[in-house]
Amino acid sequence: MLVLERYVVIDLETTGHSFKKGDRIIQIGAVVIENEQIVERFASFIQPGIKIPEFITELTGIRDEDVVNAPTFSEVYPLLKEMLESRHFVAHNVLFDYSFLIEHIKAIGEAPPRFYCYDTVELSRILLPQEESYKLGHLAEQLGFTHDRPHQADSDAEVTAELFILLHNKLKALPTTTLKHLQKLTKNFRTDFTRLITPILLKERFEIDQNYDHFRALSLKKRVDEEEALFSSSLTFGDFIQTFKMGDVQMKNVFHLYEKRQGQEQMMEAIYDAFSQNEHALIEASTGTGKSLAYLIPSAFYSIEHNQPVVISTQTIPLQDQLLTKDIPILQNFLPFTVRVAVLKGRNHYLCLSKFEQSLTTFSDDSYDICLTKAQILIWITETQTGDVEELSLPSGGNAYWNEVKSDASTDLGAYNPWMSRCFYYRAKKKAQQAHLIITNHALLLTDLQNSQSILPAYKHAIIDEAHHFEEVASNHLGVSTDYFTFTYFFQRLAPGLDYGSLERLKSLLMKYSWIKEIDFTKAEERCITIKEELDEAFRMIYRYVEKKQDTNQSDVGRMSYRYQSYQEKGQMWNAILENVMRIHFLSREWCKPLVNLCVTMQEQVELNYEEKSFLADFKSLIEQYDQHEQYLYELLLESDPNYVYWIEIEPKGARNAVFLYCRPIEVGEILADQFFTSKNSVILTSATLTVSQTFDYQLEKLGLNDFGPKEIMIPTSFDYEKQARLFLPTDMPSIKEVSEREFAVEVSIKLTRLIEETTGKMLVLFTSFDMLRNVNEFVKDMGVDVPIIAQGITTGSRLKLMKLFKQSERAVLFGTSSFWEGVDLPGKDLTQLVIVRLPFAPPGQPTLEAKLEKAKNDGYNPFLYVSLPQAIIRFKQGFGRLIRSKDDYGCIFILDKRISTTTYGKKFLESLPNIPVITGKLETLLSEAIKFEGEHVHENDQRK
């Protein structure tokens, strides 16, 4: 067989990252690829001549005794040299392995060979744009490669070789148009793409190109249209629910782990009845109810029987993904008809193919990250049916580029857009218009209330899942905000006086059609520069004004936060700020309107080509967005509504104009009642945590539902907490008010250390502040705990990655703050110990909370009992729900906050929990009980096996 290309894959394990600082190779793995097959392997330990650092041994498993009798690099190199003659060098993070190898070759007096380099990290990021991680271990797991010894050179080299073969084959299967774009974009990449792509393009590619949809300058995945779904059964919901209650063989065939749940049946019937009787309902469905199917089934029946869509709204993307990938397929399998399901998100989630096509015409000034993002999207559009950015794993610099190519109503050319029939957003919208069930999110649902043109199709029935977040999301979306960086983005795009700027491009277009004299346009450019200077000064003054204030608080992202009411602020600087913002407002009115009118008139009266129409639409959108944010700035500083809370945040260590301004409605109940609930026939709000002390009163008030008389249903838990769990309340913890934060952290660390030492299962520790988490993490490690600690914000990685690392560990402790109190699913042995460090009261100083407390007091209520306590109880119930996730789970919960047993309000927390044995005492006594309880369940599980 003719050998077309020969590649050598190299992986090195070293004592560190710098050859110049004395680090050396301790292991080499090499694999040779010919004709997409591995034909040769080489591996050897290397005597580095220095001691292997402890952290390298922990990472690789390679010890000093492994290399003490190993050959030196100079002894091994003659064997390796022949393999390197291929001149095609492949590695996972090629710059590291390549540079380290070259330095070693030079050090032994050899002339280093010259290579074409191929980086499988870079190749993976481009050719596998939907992977959540590009670490070799993750890719091996996702792609099904055997990788039994990560961070050992021979195993890593083998997996890298398999990965390169897969990526090379994927490159060969791409359409010709995509490959030609990649050649241009990737000239300065670490991987020699030209060397890879040129041989591919020389071959006959007709059959490959037939697999794609080719239009203009892009190649896309061919669209797969769904078949028309028909209601092909006379089975009614009533008949179905009777069959479901029987738990027949069909159910067990569809559900792999089907178990009869009375609460699930109760919830199905309640939802169908509420829809049929046009009633709103609040349903608290405890963990284990199976609430997703409990609302999907009656929604599907009602939609098809009445030919009306049902909207299903969630707070989080993971729940949307779960509905689509897990619950909807189950639903389709056993219902006697096909259900059309659509997902609809905000428009900026979708790629605009028109903008993306135009962006590919310029790339000479693009950064590496932007070129990488463009390359990713080129591959992605050959794979995606949705065009939803959530599918993409963008590089850090890719988010700014996404803002330039996302779908946008204001730049929509409508019938003039040649991409209209392929537009991802319009496809999603059309699919939603034809769907029985429309899955969306709270943000879009509430944004739709404010738009004159609805994004969602007309609907009268809705399910609001994760409804305990609905008030908070409503508050965020019914307010306004702006910041310095938003204005900076506008002026970077406009770039007055610079050739690449939008203003200069507009001037060239106007000059081309003799629509304006250059001298006239100069006035617009000068006005733009003046406005920018005024805005810079305004934000600098606001920054200084807040910086000097004594009554500031810290936001949850570390910013200084200052609550204000414009008409009550005093002093020369505040007056100067208002005068400055007023000047900006009048200058902007005189500048924006003529530019927008110019774009509209020119589009109507001049015969422009497609690119020129697109540019004018984009420019008009940019000016209108600026105008909108300038109006926000005016409203935030020169207007005031007593029903809203206003505040400013600044970055204390950031730029001297890093300012963020916000206003939110203090209460949203009245707005939701008037604008949402009144216009719907039936809205079902459900969550595992809606009640406080066994009543829905708090939610009825906050959501504006009192006047509607909604159904109130509590679905009891299907778990036997008396057998499955124990709640421990240590009495030997100090009172929070009697010690400092640091002293409390020390006590928490001592208790945690004992828990870790004496118990055997995995542990989740929930904190209410990152400062406390960080301090406890330091103290626990100082105490010599030998169990791995995975700490949010300290251990590198996203929440998803930390969860995955925790699940993969045989035993570990996971420290988490706010985002770990809910949405964390760790069934079985993945979690047997839960520790709640403090009761989750919202930290003081949050502007919206302060305003709610003040309003409650003014209305004659006790602010603590009316606002703070209910919020904390709902949060507490979310945290509590992390432990028992199935009927086979067991575990212990430790609450380290004495207030739960020593205060009157502490009983409210306990009253909101299911029936669970509560044991109070000193920690050492509780530990004995916990060990006994844990041992009984381990023994019971062993007997089952």
Side-chain angles (χ1 to χ4, degrees), residues 237-238 240-242 244-245 247 251 255 257-277 279-302 310 312-315 319 322-323 327 330-331 461-470 682-700 703 705 709-725 822-823 825 827 870 873-874 876-887 889 911-916:
F237 178 75
F240 172 83
I241 203 70
Q242 289 305 315
F244 192 88
K245 285 181 177 180
M251 298 299 175
F255 292 94
L257 297 174
Y258 174 74
E259 57 184 73
K260 187 174 174 63
R261 304 178 190 181
Q262 186 176 350
Q264 191 177 50
E265 297 161 8
Q266 180 188 349
M267 187 171 174
M268 287 182 195
E269 292 180 295
I271 290 173
Y272 191 84
D273 288 346
F275 279 171
S276 301
Q277 296 166 21
E279 291 182 302
H280 299 320
L282 288 159
I283 302 178
E284 181 172 82
S286 300
T287 307
T289 302
K291 65 181 170 67
S292 296
L293 280 172
Y295 60 65
L296 286 171
I297 290 169
S299 297
F301 266 97
Y302 189 88
V310 175
I312 295 166
S313 179
T314 74
Q315 160 70 0
L319 182 53
Q322 177 192 311
L323 290 175
D327 299 312
I330 292 173
L331 188 76
H461 298 80
I463 303 284
I464 310 296
D465 200 351
E466 301 176 301
H468 59 285
H469 283 297
F470 200 56
S682 178
V683 178
I684 312 296
L685 298 109
T686 184
S687 165
T689 54
L690 285 179
T691 63
V692 175
S693 298
Q694 310 301 316
T695 78
F696 288 96
D697 293 350
Y698 176 74
Q699 299 295 348
L700 290 169
L703 295 172
L705 284 166
K711 287 185 173 182
E712 301 175 22
I713 301 159
M714 292 179 63
I715 308 292
T717 181
S718 61
F719 301 148
D720 187 348
Y721 278 93
E722 291 195 11
K723 289 184 178 179
Q724 292 181 251
E822 59 182 292
D825 192 13
I873 289 173
I874 288 170
F876 176 76
K877 288 171 68 177
Q878 284 288 336
F880 175 88
R882 295 317 93 210
L883 184 65
I884 305 299
R885 308 297 295 174
S886 77
K887 64 180 181 62
D889 288 0
E911 287 171 3
S912 294
L913 298 179
N915 291 326
I916 179 175

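With T289 contributing its side chain and K291 its backbone, the two residues share no donor-acceptor pair below 3.5 Å. The backbone N or O of I241 lies less than 3.5 Å from no partner atom in the side chain of E265, so there is not a single donor-acceptor pair. The backbone N or O of S693 lies less than 3.5 Å from a partner atom in the side chain of S912, making a donor-acceptor pair. Counting only distance, with no hydrogens or angles, the side chain of H280 and the backbone of V683 share a donor-acceptor pair below 3.5 Å. Side chain of E466 to main chain of Q315: a donor-acceptor pair is present (N/O by atom type, distance under 3.5 Å, no hydrogens or angles).
Nearest heavy atoms, S286 versus P716: OG-C, 4.1 Å. Residues Q264 and G290 share a closest heavy-atom pair of NE2-O, 2.9 Å. For A274 against I684, the heavy-atom pair with the smallest separation is CB-CD1, 3.6 Å. Of all the heavy atoms in I283 and L690, the pair that sits closest is O-CD1, 3.6 Å. Taking each heavy atom of T689 and H468 in turn, the nearest pair found is O-CB, 3.5 Å.
To the nearest 0.5 Å, atom OG of residue S682 and atom CD1 of residue I463 are 7.5 Å apart. Atoms CG and CG, on D327 and L293 in that order, are 5.0 Å from each other to the nearest 0.5 Å. Residue L685 holds its CG atom at 6.0 Å from CG of L705, rounded to the nearest 0.5 Å. Atom OG1 of T287 and atom CZ of R882 lie 6.5 Å apart (nearest 0.5 Å). Here CD of E722 is found 6.0 Å from CG of N915. Values are rounded to the nearest 0.5 Å.
Note on ring orientation: taking the six-membered ring where Trp is involved, the planes of F240 and F301 are tilted (angle from 30° to 60°). Taking the six-membered ring where tryptophan is involved, the planes of Y272 and Y302 are perpendicular, since the angle between them exceeds 60° and thus also 30°.
Counted by atom type alone, S276 and D273 present zero donor-acceptor pairs between their side chains at under 3.5 Å.
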For L703 and F696, what are the C-alpha separation, side-chain angles and deciding distance, and is it a side chain to side chain contact (heavy atoms under 4.5 Å, CB included)? CA-CA 11 Å; L703 295 172; F696 288 96; over 6 Å; no
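Checked against L323 for a side chain to side chain contact (heavy atoms under 4.5 Å, CB included), the options L331, D465, T314 give a single hit: T314.
The ring of Y721 has its center closer than 6.0 angstrom to the ring center of F880.
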